[in-house]
Visitor: 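Mind having a look at this structure? Questions to follow.
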Amino acid sequence: MSMKYTRLVFSFCACLAFSQAFGKAEGDLSVIRQNFNRIYVQSEGEESPLKELLLQNQPGFSVSDRVVMELQQRVPYEAVRMRHYLKALQSDGSWSDINYQDTNRSGWDPRLHAERILEMVKHFSNPENEHYHSKKVEKAIHRALRYWFVQKPVCLNWYYNQIGIPRTLGTAFILFEPFLTDAEKQDAITVMKQARFGMTGQNKVWLAGNVMMRGVLENDLDLVKQARDTIVSEIVRGGKEGIKDDGCFHQHGPQPQFGNYGLAYVYTMSLLSGLFSDTSMAFTPSQLEVIAGLLEEGYQWVIWQGKMDIAALGRQLFASAPLHKALSLAFAATELGGGRDARCNQVAARLLKNCFSPHNDLIGHKHFWQSDYTLSRRAGWMASLKMASDRVMGVETMNGDNMKGYYMADGALYIYKDATEYYDIFPLWDWRKLPGVTCYDDVRPVPLLKHSYYPRNRGRFVGGLSDGKNGISAMELDRDGLKAQKFWLFADEAVLCLGAGISSDSALHVTTAVEQCWSREEPLRISTADDTRIWHHGRGYVLWNNSDSCFARTVASSGSWHDVMQMYKNDTVSGRLFTLYLDHGVRPKESSYCYAVLPEATEADLRNFCTDNFRVMCNDSRLQAVWQVDRSVCWAAVREPFTLRVTPELEVDFHTPGLYRIGRGTGGRWEVYFSDPMQCQDEVQITVNGKRGTHALPQGKNRGTTLRLEID
């Protein structure tokens, strides 16, 4: 074969390979563009129960939560709003009702300009709308784009500049790409270059997603692949941030972020899984499984009757936040994997049934051991408990968000039946009397978390134990000179709450709030020689030996959303609240309390409730122990070695501090469940009726989980 012929063959093969690679690149980028159109434009007219629910509860564009803003973009075409945008658009491309000089770090007003551009582009691109490829709308879009490109609005909060605005406008640029002029496309790419690879957790995913959109605009498949690889690098469990081994999601350190960054993570990953579908970059089944696992092990637990648990919201206490965040999650769950992955579809179906329908069958008890967070679910009610420790941060204040949440992780106990008990109550709350919280009573404003999530609780003995259906949690509170040992038992018919060792050297009164919710009617008080019982709106409260220090009242209250979330205007809202609390006095020393909440109770149920079923064996700083008679089970939080005669047939020597459940197992053997709330011990030792047992404890990422053992 001649050298000349060989060179011709080589050249032909090289050209063929290049052509195939180029064709594949063009193919993948073309599919991604089609997926943008399918997800953002074609799906707008599709009907579903979730769309109907969204139409009934539109969030509007007033909130600054990224996920909820994108939820509003799902609202089907509304001609009235579109006509308003066209009529109100000024000659320079701005809107008169947007404050372009706004300096807020949260709820930055110019973001609405970008949102409106995207909304107009979606309507312009949809053949089913009256404005499809309308010259009038096209000119309006060009004018609005020109204003942004020329004025280049910049927010004091980096997030909007690098994540929020590029994420919104990037989608608009891709959908409107065939109509962009060459100059506009270069300006669009300049906007997208504000986002660069970096950071951690969900911020990393957001930034990479924006870089991916720039790659599509530049026809740079290598950049798109790099962005995709960066995104999927966060589809892992067990890192310092992101998805934790307990099924929670952390960001900004060891801080639970289910409703903020975690929700954004699920929502963004679901969207990206659809955008990359049918390309060589599609998410793998194992990657989808990790996200589905987060839905099943985490999010399925935190939503009740279509609303997210307050304790899961983090710092984002927006109006209607529980509803809109839950709805955003529902959309994300149903669209994960492009709706084509069987496993994801099964998880989504279970989540919708248990969280958005009256047919909940997720019944059980779960403690998130890496997050100091407990959830207990029954057929008709759910309870959540938010704690913090020297390992886990509680909440944060940032960018004007959550200005009053100083005590939100000090043992806040929320009990839901219809999920309206605390809905949008934030402006009216006495934030020193959050349900379950022990803290100072003071007329001065609640302290501000000036350094984000600091100061933290210094208590180390914080954790939970679960047998699958029931369980206990305990919290050592050590904060601002106030100390207390708190204990909760979650049973079928009641949540039993104990407090001991309550001590303070402050001249302020110390209180423990039992309840603070919307008032539905005047509470009924039933006092006996042994206890005080309060009934309010289908819920009962039984307080042992606290009659003189128990205060129950319904009062008119008023407040402002601005005081909680500074993005809101300083308008006043009002309503009536039911508050029930205990007063431990000034400078208490080893004070204690004992009360039970009956989540589902008629007045007759409350009167007939037998406190003997929960025999409090001990309630002090050393040991908090309860014998549950109907189940013949002892529940205990042991802080130092202790010998306890539970019944004539049961004597226990607790050698190891920790949380215990002791009852009869199979074959009459004693069955012991144990967890180490300090997450520092190597083994547990316990003697039951003279029989001693020793067992190694879970280590590493499983420290703090529940261990089951039997003693002959």
Side-chain angles (χ1 to χ4, degrees), residues 64-65 104-107 156-159 201-203 241 248-262 309-318 321 371-373 384-414 422 425-460 462 475-484 486 504 506 508 510-511 513 516 559-568:
S64 64
D65 179 2
N104 281 336
R105 298 178 60 85
S106 179
L156 296 177
N157 183 350
W158 71 271
Y159 163 84
Q202 177 53 24
N203 286 330
E241 292 189 346
C248 194
F249 189 97
H250 287 193
Q251 187 110 17
H252 290 174
Q255 180 183 179
Q257 295 273 16
F258 265 130
N260 186 0
Y261 292 97
D309 174 29
I310 289 173
L313 297 178
R315 73 174 193 258
Q316 294 190 327
L317 307 178
F318 302 111
S371 310
D372 293 346
Y373 182 38
S384 79
L385 174 65
K386 186 172 180 63
M387 305 177 290
S389 63
D390 64 350
R391 302 179 305 273
V392 177
M393 303 170 184
V395 290
E396 62 186 1
T397 293
M398 191 176 295
N399 299 325
D401 296 348
N402 188 31
M403 301 299 289
K404 292 193 172 186
Y406 189 84
Y407 297 107
M408 286 191 74
D410 286 8
L413 175 69
Y414 306 110
Y422 317 101
I425 201 172
F426 307 137
L428 280 67
W429 248 349
D430 178 347
W431 286 83
R432 293 180 181 275
K433 291 186 174 60
L434 301 182
V437 166
T438 299
C439 71
Y440 295 115
D441 194 8
D442 197 349
V443 296
R444 292 177 296 180
V446 172
L448 185 65
L449 294 166
K450 296 180 181 179
H451 302 289
S452 189
Y453 21 72
Y454 295 99
R456 292 160 61 179
N457 176 33
R458 295 188 296 177
R460 192 177 191 185
V462 181
M475 178 182 185
E476 175 190 3
L477 178 65
D478 183 359
R479 197 175 187 207
D480 300 335
L482 175 62
K483 296 184 178 182
K486 299 171 73 69
S504 167
S506 171
L508 297 171
V510 176
T511 64
Q516 189 183 190
S560 170
W561 279 101
H562 176 80
D563 293 340
V564 181
M565 303 286 291
Q566 293 194 329
M567 56 159 287
Y568 288 107

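Heavy-atom basis, side chains included; hydrogens, waters and symmetry copies ignored.
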Visitor: First locate atom CD1 of I310, then atom OG of S384, and finally report the distance between them rounded to the nearest 0.5 Å.
Guide: 8.0 Å
Visitor: Would the distance check show the side chain of R315 and the main-chain N or O of V395 forming a donor-acceptor pair, the cut-off being under 3.5 Å?
Guide: no
Visitor: Could you tell me the separation between the CG atom of L156 and the CG atom of N104, rounded to the nearest 0.5 Å?
Guide: 9.0 Å
Visitor: What closest approach, in Å, do A409 and G394 show between heavy atoms, and which atom pair accounts for it?
Guide: CB-CA, 3.4 Å
Visitor: What closest approach, in Å, do D478 and G459 show between heavy atoms, and which atom pair accounts for it?
Guide: CB-N, 4.0 Å
Visitor: Mark yes or no for whether N399, through its side chain, and D401, through its backbone, hold a donor-acceptor pair below 3.5 Å.
Guide: no
Visitor: Which pair of non-hydrogen atoms, one from M393 and one from P256, has the smallest distance, and what is that distance?
Guide: O-CD, 3.5 Å
Visitor: Per the side chain to side chain donor-acceptor pair (under 3.5 Å) rule, which among E396, Q251, Q316 passes with Q257?
Guide: E396
Visitor: Between the side chain of D480 and the main-chain N/O of L482, is any donor-acceptor distance below 3.5 Å?
Guide: no
Visitor: My understanding is that only residues two or more places apart in sequence, or in another chain, count here; which of them pass side-chain hydrogen bond (donor to acceptor under 3.5 Å, both in side chains) with T438?
Guide: K486, T512
Visitor: Between Y373 and K386, what is the shortest heavy-atom contact and its length?
Guide: CD1-CA, 4.4 Å
Visitor: Can you see whether Y440 engages S504 through a side-chain donor-acceptor pair at a distance of less than 3.5 angstrom?
Guide: yes
Visitor: Do V462 and V392 make a side-chain contact, defined as non-hydrogen atoms from C-beta onward lying under 4.5 Å apart?
Guide: no
Visitor: Not counting sequence neighbours, which residues clear ring-ring contact (aromatic ring centres under 6.0 Å, His included) with W431? List them please.
Guide: W429
Visitor: How many angstroms lie between atom SG of C439 and atom OH of Y406, to the nearest 0.5 angstrom?
Guide: 10.0 Å
Visitor: Using the test salt bridge (charged side-chain N to carboxylate O under 4.0 Å, His left out), find all partners of K433 that sit at least two apart in sequence or belong to another chain.
Guide: D430, D441
Visitor: Rounded to the nearest 0.5 Å, how far apart are NE2 of H250 and CD of E241?
Guide: 9.5 Å
Visitor: Of the non-hydrogen atoms in L413 and Y422, which two are nearest, and what is the gap between them?
Guide: O-OH, 4.4 Å
Visitor: With side-chain contact (heavy atoms from CB on, under 4.5 Å) as the test, would you mind laying out the steps for M475 and N457 before giving the verdict?
Guide: CA-CA 10 Å; M475 178 182 185; N457 176 33; 3.5 Å; yes
Visitor: From the options L449, T397, L317, select the one residue that forms a side-chain contact (heavy atoms from CB on, under 4.5 Å) with M403.
Guide: T397
Visitor: When rounded to the nearest 0.5 angstrom, what distance separates CG in N402 from CE in M565?
Guide: 7.5 Å
Visitor: Would you please say whether a donor-acceptor pair under 3.5 Å links the side chains of Y407 and R432?
Guide: yes
Visitor: Could you check whether any side-chain heavy atom of H252 comes within less than 4.5 Å of a side-chain heavy atom of Y261, counting everything from C-beta outward?
Guide: yes
Visitor: Take the angle between the ring planes of W561 and Y568 and call it parallel below 30°, perpendicular above 60°, tilted in between.
Guide: tilted
Visitor: Output yes when a side-chain donor or acceptor of D372 lies under 3.5 Å from a complementary backbone atom of S389, and no otherwise.
Guide: yes
Visitor: Nearest 0.5 Å, please: how far is CG in D390 from CZ in R458?
Guide: 10.5 Å
